[in-house]
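Scroll down for the structure; my scribbles are underneath it.
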Number of protein chains: 2
Amino acid sequence: MSAPQSVRLRVFSLNCWGIRYLSRHCAQRYAMIAELLDREQHDIALLQEVWSENDYLFLKRALTTSHPFTHYFRSGVIGSGLAVFSKHRIEDALLYQYSLNGYPYMVHHGDWFGGKAVGLVILNVCGMKAHVYVTHLHAEYSRAKDDYLPHRTVQAWELLNFIRHTSADADLVVLGGDLNMHPQDLGTRLLRAHTGLRDCYAETDTFHGCEDGITLIADNPFTKKKDLLPFEKGIRIDYILIKGSDRVCVRCESMSTTKGSVPDKPFPYSDHESLTSQLLLQRSDCMGGRGRQRDSSSDTGAPVCERVEVVSEARGVVKEGLHQTERLRLLAMCVLAVGLALLLLPATALPWFYPHGHCALSYALLGLLEVLGLAMVVSGALLYILFTTQLKALSGTEASMKLAAVNLRGSNGGCWEEEEGTEMEAPASLSHPPPHGGARSEQPTLLDCKE
Amino acid sequence: MSAPQSVRLRVFSLNCWGIRYLSRHCAQRYAMIAELLDREQHDIALLQEVWSENDYLFLKRALTTSHPFTHYFRSGVIGSGLAVFSKHRIEDALLYQYSLNGYPYMVHHGDWFGGKAVGLVILNVCGMKAHVYVTHLHAEYSRAKDDYLPHRTVQAWELLNFIRHTSADADLVVLGGDLNMHPQDLGTRLLRAHTGLRDCYAETDTFHGCEDGITLIADNPFTKKKDLLPFEKGIRIDYILIKGSDRVCVRCESMSTTKGSVPDKPFPYSDHESLTSQLLLQRSDCMGGRGRQRDSSSDTGAPVCERVEVVSEARGVVKEGLHQTERLRLLAMCVLAVGLALLLLPATALPWFYPHGHCALSYALLGLLEVLGLAMVVSGALLYILFTTQLKALSGTEASMKLAAVNLRGSNGGCWEEEEGTEMEAPASLSHPPPHGGARSEQPTLLDCKE
């Protein structure tokens, strides 16, 4: 039997809010999610915030029949929280952990402890090679003062590069997850522009769900209304993005979200709404004009000028992150220095204050200062290591963005003004053409090109 | 002008041993390396252990003319130490940091502080897309008792998966670097079997250099002879590996290594020997029978049975690593518990020992115990976090290896005995065929296949 020319694929995505003992009604909600997935029989379910492996195992057992193929991505201290359930065979899997993900001392935010990552599973969908990515980026705790913007921007850059580099032979690319970014935020634009991924919500033929496709809504009883301000109704931060290839055209026929409450249930599945997209996959030899038109622009991403502009904007954010982290590292060095002073000075100085011998008070004071000094030395050293690592990740990303911008500029001459002071860093010197044909004394010729 | 049908590519690889202030004659050796690269004009130079960014910048300045394209990979606390210098345009770059890399408390080994990674640069070589990887894996400090074997095995697995997933559209794959593994070690076999990469040394037409291709040799004055035992002459742990594609056939025409001393110089370039391979790239439409034959077996890697066997062996090592790390985490929990006891008990118990009031001695004792307790609590907590993270990485790798083994078995039925007790974990149940055609009540049909 020949492979089908046209296939429907239903993709589900949900941030499960699965912090055991902290997220409300966690166990009951997992039971509801399992029931939903088993009933709805989506082809692929992409789950985030499945923090506990026991909860994953519960889902795995519950979905043995409906979704026989599954993969759980493990990383960080707690885990990545990412899980995939599929009706189609998972032929391969790969995890990429983001190099930046908040700060361990922001324990109440907790992102650092979950090793935020992007997981890739490669599925065989009726003979088509589907590269399906699931991810969850760092949360935005304050829209007005977003301290994590550089980290989330680095994550978005790493996400798009991981997708670009691992999807070369994919017939179809699907990305689902909680990006923690609004549709017009820098990271979302960066991701779309550089991968050519298209937003299902923006192009679906029919949509049923929350107004404007919002997925964190004021009507959800688990959501704190004040956290959503100034967006009274809610925000759209969960996505299903898609992209076809030369061989397969993909379009979103219909999309839906849950709307807070669940019929006959006392509470929703999660504090996020779930997304479901029904995709139509058509092999390129059977595509109609409409399908072909929809897909053609997506293969290379946005026009070069747009890609250069958005990567320059992102580079600015990363540079600001570099300066901010340099200041933090300086602070860590100060803490370390003061700690060292507290450790060493009191023992030396005490005889001057108590020349007639130590008393109980002097011992207590000495002890306290030493403990404080030790704590400061340890904290200072650990913070120094942390911020140095983060500086490496930020400067690595900045260099990678610069390389991309230089190469994009090289591929398209003249749709922007040359940035003043732009240094062509990635190539050591672009003004020197590579001496491909240069002769070297007593060496074989570099390129021995036989036409 | 049409693209050349046949191209020669000279690839250089060297572990530079560039630990500023610790590695002997570091600055002078970098000057020698720069002189060598500028004179020899290799197409690509892959450097490892360029730990200091200032040393990288020195090389970059010195090689502006000979190697106008360069990229430095930043990761970890100190850096990845990886640098690429190229005559050919670097069109893209990507870094993948290994999830396991030793222990921070093994400060004298230092591997943890260098963020060991694999770097990828994509080069345009006369119109051919060359994916060039550079890496450096965790060192082996004791052959007899190699505590880092599970970490290095995880690194080898991540390396091969990164290469497999990012080289789908490459015309040519080159991997160079210090693998810290002998040719027949598990990780080297795993890498070769699952990627199809071929060892230049094993297949070169002509070879000039150290006996058996060894790259860490007893004759190098920077090498401690006893560290090489039981291999008196030396070991081969640095490699250049290659692989062609459907479009391009690659073979190694000649290979050479340095042999310790350098003529007219007082010392060698490094404690490792450098490697140089001259590759012949031929577009597939101009290949002779010999070239085609050489390349044909490499595309899919080793036979399925061999791949299953080697991945099973690796899984055994990772499982042993899991048990070892579980024991370490238990130890961390004990340290934490004893620390807590020391913090809380003395303050409570002291009045019992000194019922008539505190004396100077009691205060000193109390202070010491509190400091010790605090140190143990902090160390215990940090170690608990460290080992938990490592357990996640190990169990993630184990699951990934299991998935690979299951899928390989599925693709080839019957060249091995079924392992007793093997659980088909990755797919929730392989015994249930995915219900592609299963009808769901009141749901659109899952696959709407139009033949």
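Labels below follow one simple rule: chain letters A, B, ... track the order of the sequence lines, proteins then strands, and each chain is numbered from 1. Note that the structure is a prediction, hence the values are computed from the model and not measured.
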Toward chain B, the part of [X] with a non-hydrogen atom under 4.5 Å:
X: A/L95; result: backbone
X: A/Y72; result: neither
X: A/T166; result: both
X: A/I122; result: side chain

Euclidean distance, [Y] [atom2] relative to [X] [atom1], rounded to 0.5 Å:
X: B/N161; Y: A/Y96; atom1: CG; atom2: OH; result: 15.0 Å
X: A/H165; Y: B/H131; atom1: NE2; atom2: NE2; result: 8.0 Å
X: B/R74; Y: A/T389; atom1: CZ; atom2: OG1; result: 14.5 Å

Would you mind telling me which of [options] has the largest number of heavy-atom pairs within less than 4.5 Å of chain A?
options: B/S400, B/A168, B/G396, B/G76; result: B/G76
options: B/S86, B/A375, B/A393, B/S75; result: B/S75
options: B/L391, B/L394, B/T397, B/I78; result: B/I78

Proximal component of [X], with respect to chain A [non-hydrogen, under 4.5 Å]:
X: B/F113; result: side chain
X: B/L120; result: side chain
X: B/L382; result: side chain
X: B/R61; result: neither
X: B/A93; result: both
X: B/V77; result: both

4.5 Å side-chain heavy-atom contact, B/L374 and A/V378 | no
Would you check if A/L94 and B/R164 make a side-chain contact, meaning some heavy-atom pair closer than 4.5 Å?
-> no
What closest approach, in Å, do A/V371 and B/V371 show between heavy atoms, and which atom pair accounts for it?
-> CG2-CG2, 3.4 Å
